[in-house]
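To start, the structure itself, in structure tokens.
Values reported hereafter were calculated over all heavy atoms of this structure, with side chains retained and with hydrogens, waters and symmetry mates removed.
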Amino acid sequence: MNRSENLDIINLKSRNLTDEDIKLFCESLSTTISIIRAIVLSRNEITDLGFKYLIDSLWTNKTIKIVRLKNNKVTNESLKEFIEMYVES
């Protein structure tokens with residue numbers, strides 16, 4: 001496992017990230033022990049599929065408390081599903 005002790009905010013704003021990029025990013029999050037508390041993913045090309053990858057990775061990485069997704073292609077339906085999952089847990 002990789003260890004990242006000094007990184008608490010990852011800013012990937014306006015990088016034209018796609019769902020496949022998010023999938024790879026989330027895979028690395030699940031194998032990294034860190035103190036990451038915030039991820040900024042605003043202004044990318046993330047759709048509902050990328051959002052699902054992100055949500056799945058957040059279940060295993062409990063240190064991340066803030067995720068910014070402004071100006072992506074995530075639909076309200078995905079956000080509703082996330083809220084329902086969160087409330088039920």
### Side chain proximity check, Leu69 to Ile46, heavy atoms < 4.5 angstrom
yes
### Task
Quick one: closest heavy-atom pair of Phe51 and Ser78, and the distance?
CE2-O, 3.6 Å
### Query
At what distance, to the nearest 0.5 angstrom, does CD1 of Ile64 lie from CZ of Arg37?
11.5 Å
### Message
side-chain contact (heavy atoms from CB on, under 4.5 Å), that's the test. Do Leu12 and Phe25 meet it? Break it down for me.
### Response
CA-CA 11 Å; Leu12 296 172; Phe25 174 70; 4.0 Å; yes
### Query
Is the backbone of Asn44 close enough, under 3.5 Å, to the side chain of Asn72 for a donor and an acceptor to pair up by distance?
yes
## Note on the structure
Hits for side-chain hydrogen bond (donor to acceptor under 3.5 Å, both in side chains) against Asn11, two or more places apart or cross-chain, chain-then-number order -> none
### Query
Could you state the interatomic distance from CD1 (Ile36) to CD1 (Ile66), rounded to the nearest 0.5 Å?
13.0 Å
### Task
Look at the side-chain heavy atoms of Ile, Leu, Val, Met, Phe, Trp and Tyr, link any pair under 4.5 Å apart, and say whether Ile55 and Ile39 land in one connected group.
yes
#### Entry: Residues Arg43, Lys70; criterion side-chain contact (heavy atoms from CB on, under 4.5 Å); working and verdict
CA-CA 6 Å; Arg43 296 184 182 176; Lys70 185 177 178 181; 5.8 Å; no
### Query
Does Lys62 NZ have over 12 foreign heavy atoms under 6.0 Å away?
yes
### Query
Any side-chain donor paired with an acceptor under 3.5 Å for Asn71 and Ser42?
no
### Query
To the nearest 0.5 Å, what is the distance between OG1 (Thr18) and CG (Leu24)?
8.5 Å
#### Entry: Shortest non-hydrogen contact between Leu17 and Ile22, atoms and distance
CD1-CD1, 4.2 Å
### Pairwise distance CD(Glu81) to CG(Asn76) - rounded to 0.5 angstrom
11.5 Å
### Query
Are Lys23 and Asp19 within salt-bridge range, i.e. N to O under 4.0 Å?
no
#### Entry: Linked, directly or transitively: Val74 and Trp59 (ILVMFWY side chains, under 4.5 Å)
yes
#### Entry: Donor-acceptor pair, side chain of Asp48 and main chain of Thr75, under 3.5 angstrom
yes
## Note on the structure
d(Cys26 SG, Asn61 CG) to nearest 0.5 Å is 10.0 Å
### Query
Can you find a heavy atom in the side chain of Val67 that is under 4.5 Å from one in the side chain of Leu54?
yes
### Message
Rounded at 0.5 Å granularity, tell me how far OH in Tyr53 sits from CD in Glu27.
### Response
8.5 Å
